[in-house]
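Notes to accompany the following structure.
Not measured: the values here are computed from a predicted model. To find a chain, count down the sequence lines: A is the first, B the second, and so on, and within it residues start at 1.
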There are 2 protein chains.
Amino acid sequence: MKEKLATPKSLKGAMMRGIRTTLLKLGSATKVELSETLGISFPTISKFLSEMESEGEILLAGLDDSSGGRRAKRYIYNPEYMLGLAIFLEKTETNYTIFNCVGESKEDGKAESVLMDSRLEALTRCIEGLLARFPKICSIAIGVPGSVDHGRVFYIPGYEQLQDFDLKGYYEDRFSVPVIVENDMNAAVLGFHHNGGMKEKQSLIYLYSGQNGPGAGIMVNGDIVRGRSFFSGEVSFVPLYDERNFREALEKEGESKKLQMAGEIEVDAVSRLVASFTAMINPHTIIFCKDEVEDAFLEKIAAASAAYIPSEHLPELIVSDWKKDYLFGLQHLGLNLMLS
Amino acid sequence: MKEKLATPKSLKGAMMRGIRTTLLKLGSATKVELSETLGISFPTISKFLSEMESEGEILLAGLDDSSGGRRAKRYIYNPEYMLGLAIFLEKTETNYTIFNCVGESKEDGKAESVLMDSRLEALTRCIEGLLARFPKICSIAIGVPGSVDHGRVFYIPGYEQLQDFDLKGYYEDRFSVPVIVENDMNAAVLGFHHNGGMKEKQSLIYLYSGQNGPGAGIMVNGDIVRGRSFFSGEVSFVPLYDERNFREALEKEGESKKLQMAGEIEVDAVSRLVASFTAMINPHTIIFCKDEVEDAFLEKIAAASAAYIPSEHLPELIVSDWKKDYLFGLQHLGLNLMLS
DNA sequence: ATCAATTATTAAAGAAGTTTAATAAGTCTT
DNA sequence: AAGACTTATTAAACTTCTTTAATAATTGAT
């Protein structure tokens with residue numbers, strides 16, 4: 001029954017967070033700039049800033065050119081003050097990145113797939129080792145190919161050792177570092193959203209054709225859509241034709257499930273899916289994986305879907321680098337955790 | 001570039017709002033109860049409460065039974081302190097309700113459809129008259145059968161006098177009362193959501209078959225979905241069959257466009273739509289209009305859609321009173337406006 | 001009936017951010 | 001090079017909410 005109401009106790013944390021994020025967003029700032037963008041009075045900014053400077057969290061970058069009077073001090077956030085760890089677990093391998101607050105990578109690495117391990121020891125030891133070598137790690141973001149509910153891995157076919165396991169709680173207790181766990185496609189759509197210059201509160205669909213058939217990561221109004229039973233984005237099941245759903249339309253007998261996005265059949269199926277999304281949630285953008293489709297394919301889709309929907313309502317179609325977006329999404333989640 | 005950060009200046013307003021809403025939600029409360037549910041200290045609650053009591057906004061209901069010590073004073077919100085006006089413009093008529101803070105109707109009324117008027121004078125005079133008779137009206141919520149963007153009527157086929165008109169701005173300037181304008185289906189889905197006991201952040205679809213073909217009001221994670229070009233919910237266009245989209249599947253040659261939801265053709269079309277929604281956004285509930293479908297129809301839909309999607313992921317199917325939900329949604333929007 | 005125990009309310013002290021005024025540091029002009 | 005002007009920073013007074021202590025009202029037991 002607790003209402004979420006801004007109480008002065010929580011103000012300090014909010015202010016620190018505000019200072020951190022605006023300083024990182026702007027790259028550098030003077031006290032006046034911070035005060036104005038945050039709507040907090042100059043003396044308060046001053047107090048927090050000097051405290052954070054003495055902690056080493058903030059650095060003095062130098063003096064501004066004068067605009068007629070005393071030169072203002074310009075501060076930057078110390079990007080090395082905190083580090084984040086992003087790990088993504090895939091079928092065949094496990095990748096990780098150590099990154100600083102401006103998203104620069106400090107170390108990338110690859111390990112045996114921990115999903116093959118029947119227990120979690122491989123992953124645990126991997127994290128343990130990294131934390132020992134980089135004691136400044138202040139957040140861990142883990143991406144998994146399965147459904148996640150508040151840090152608990154909910155449904156992850158093929159990797160039963162993680163099924164119904166509270167990954168977040170387990171590692172937070174173990175390492176005393178905040179942890180966030182997210183589904184791979186959700187992380188990717190988040191990453192794409194926050195990469196492209198912060199056009200707020202968009203609706204996006206990230207389409208992919210994975211090993212287990214096609215799927216989608218869905219964001220509506222800037223929020224990840226998980227659905228009632230974590231089934232959202234399972235577009236395989238959309239009934240597009242009299243006798244076939246999306247997955248059946250793409251599958252050809254005898255061929256591998258890995259799709260080749262090229263032929264007319266695929267074009268029509270995907271354009272119907274695009275039309276369906278448009279008529280239902282009218283997203284801003286639909287994103288395809290760079291390694292799965294060609295630009296020419298997108299043009300065909302755009303033309304074909306216009307047969308179903310007036311073209312002014314159709315989304316922008318874009319190809320993007322899935323792995324980059326995924327990584328960026330995990331970094332973003334980790335950064336959010338760190339800066340709070 | 002202004003960040004939204006909790007600053008002490010905005011605290012007073014937030015507290016008043018908190019007191020109002022919890023007092024209305026709980027029906028009545030003591031100072032301690034308010035302090036605990038809001039997380040605000042007792043003396044602060046006390047100060048605001050005595051101020052609001054002297055204004056007449058809050059009433060003393062009496063004393064609690066003693067729990068062993070001094071008896072606590074119990075306060076209630078004065079539901080008559082502020083009134084709200086909800087108007088919904090329909091093709092053939094215009095309905096309005098004056099309601100108080102607990103949602104009780106003070107006066108219901110009906111007028112000629114102002115949409116038939118080539119200008120807005122009929123509506124303006126109607127509001128003017130009501131404001132004169134009920135000076136306590138503190139908010140106006142207007143429902144329109146068209147797309148709305150921040151109070152501006154964006155797309156309203158058939159009523160060109162409202163096309164691209166800033167209804168909210170116009171009446172706020174004219175009457176100095178906060179105004180909110182919302183699309184009819186969006187208001188209905190909002191109303192349904194807030195009626196059923198506040199299970200937070202759900203995803204809902206409100207399906208209807210209006211005069212201009214079927215459509216839907218869509219809520220995802222508790223937010224209304226408007227989409228890139230305000231096209232969301234135009235489910236007519238969903239391509240469900242080889243040769244027909246949803247609307248075409250429902251239309252029979254020579255018959256009126258008003259649907260009869262009964263036959264097998266309709267059952268299959270709607271269950272395909274349900275399946276599509278489930279595979280895309282996996283909503284908690286899909287709501288049908290009570291006067292458009294029978295309970296038996298819902299059972300058929302549930303059975304038929306299970307052919308497309310594993311049934312554990314399917315949404316709950318419900319019939320509801322559209323007009324009630326619509327009205328309740330408008331009231332909710334108006335109340336939100338008043339209590340801030 | 002009176003006193004101890006319990007609980008609501010009020011009052012005073014403390015903490016934190018804002019506003020306003022004062023001071024320090026630098027620029028530009030003559 | 002000195003003084004007037006502009007701007008950043010610091011200091012002090014003020015507002016507001018919280019915490020802690022004190023007081024008032026009520027109940028139950030002796």
Side-chain angles (χ1 to χ4, degrees), chain A residues 2-23 26 28-55 58-76, chain B residues 2-23 26 28-55 58-76:
Chain A
K2 256 251 161 91
E3 296 272 315
K4 46 183 176 186
L5 197 53
T7 161
K9 277 176 291 184
S10 67
L11 265 179
K12 177 166 182 172
M15 287 181 177
M16 302 268 281
R17 184 191 165 82
I19 291 175
R20 286 194 260 257
T21 50
T22 50
L23 214 43
L26 300 177
S28 68
T30 65
K31 288 179 179 177
V32 172
E33 286 169 8
L34 281 172
S35 165
E36 279 172 0
T37 52
L38 285 168
I40 299 172
S41 71
F42 186 94
T44 303
I45 293 286
S46 211
K47 198 188 82 179
F48 280 104
L49 226 56
S50 64
E51 185 184 313
M52 288 162 91
E53 193 187 358
S54 72
E55 291 273 331
I58 280 174
L59 303 175
L60 181 60
L63 298 174
D64 268 20
D65 285 343
S66 169
S67 53
R70 174 169 172 178
R71 295 167 68 186
K73 290 177 185 166
R74 178 158 291 275
Y75 297 89
I76 57 170
Chain B
K2 240 200 179 136
E3 295 273 317
K4 45 181 177 187
L5 196 54
T7 161
K9 277 176 291 185
S10 68
L11 265 180
K12 177 166 181 173
M15 286 180 177
M16 302 268 280
R17 184 192 164 82
I19 291 175
R20 290 191 188 107
T21 50
T22 50
L23 214 42
L26 300 177
S28 68
T30 64
K31 289 180 179 176
V32 172
E33 285 168 8
L34 282 172
S35 165
E36 279 172 359
T37 51
L38 286 168
I40 300 173
S41 72
F42 187 95
T44 304
I45 294 285
S46 211
K47 199 190 80 180
F48 280 104
L49 226 54
S50 64
E51 186 184 314
M52 290 161 90
E53 194 187 359
S54 71
E55 292 272 333
I58 280 175
L59 304 175
L60 181 58
L63 298 176
D64 267 20
D65 286 343
S66 169
S67 52
R70 175 169 171 176
R71 295 168 68 190
K73 290 178 186 165
R74 178 158 291 275
Y75 297 88
I76 56 171

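Under the side chain to side chain donor-acceptor pair (under 3.5 Å) criterion, Thr44(A) pairs with Ser41(A), sequence neighbours left out. Scored by the side-chain contact (heavy atoms from CB on, under 4.5 Å) test, Lys73(B) finds Leu60(B), Leu63(B), Tyr75(B) as partners (sequence neighbours excluded). The salt bridge (charged side-chain N to carboxylate O under 4.0 Å, His left out) check on Arg71(A) picks up nothing, with sequence neighbours excluded. Arg74(B) is linked by a side chain to side chain donor-acceptor pair (under 3.5 Å) to Ser28(B), Glu33(B), Asp64(B), counting only residues two or more places apart in sequence or in another chain. Qualifying side-chain contact (heavy atoms from CB on, under 4.5 Å) partners for Ser46(B), counting only residues two or more places apart in sequence or in other chains: Lys31(B), Phe42(B).
Closest to the side chain of Lys31(A), out of dT10(C), dT9(D), dG17(C), is dT9(D). Taking every side-chain heavy atom of Ala72(B) into account, dA8(C) is the closest of dA8(C), dT10(D), dT19(C). Picking from dT26(D), dT9(D), dT19(C) the nucleotide with the shortest atom distance to the side chain of Phe42(A) gives dT9(D). Checked against dT18(D), dT10(D), dT19(C), the side chain of Pro43(A) finds its nearest nucleotide in dT19(C).
Within the 4.5 Å cutoff, side-chain heavy atoms of Glu36(B) are placed close to those of Val32(B).
Looking at residues 46-54 of chain A, you'll see Ser46(A) sit with a heavy atom under 4.0 Å from some atom of DNA chain D.
One atom, CD1 of Ile40(A), and another, P of dA16(C), lie 15 Å apart when rounded to the nearest Å.
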Would you write the dot-bracket representation of DNA chain D, where each base gets (, ), [, ], | or . depending on whether it forms a Watson-Crick or G-U pair under 3.5 Å and with which partner? ||||||||||||||||||||||||||||||
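Regarding contacts with the backbone of dT18(C), a side-chain N or O of Thr44(A) is found under 4.0 angstrom from either OP1 or OP2.
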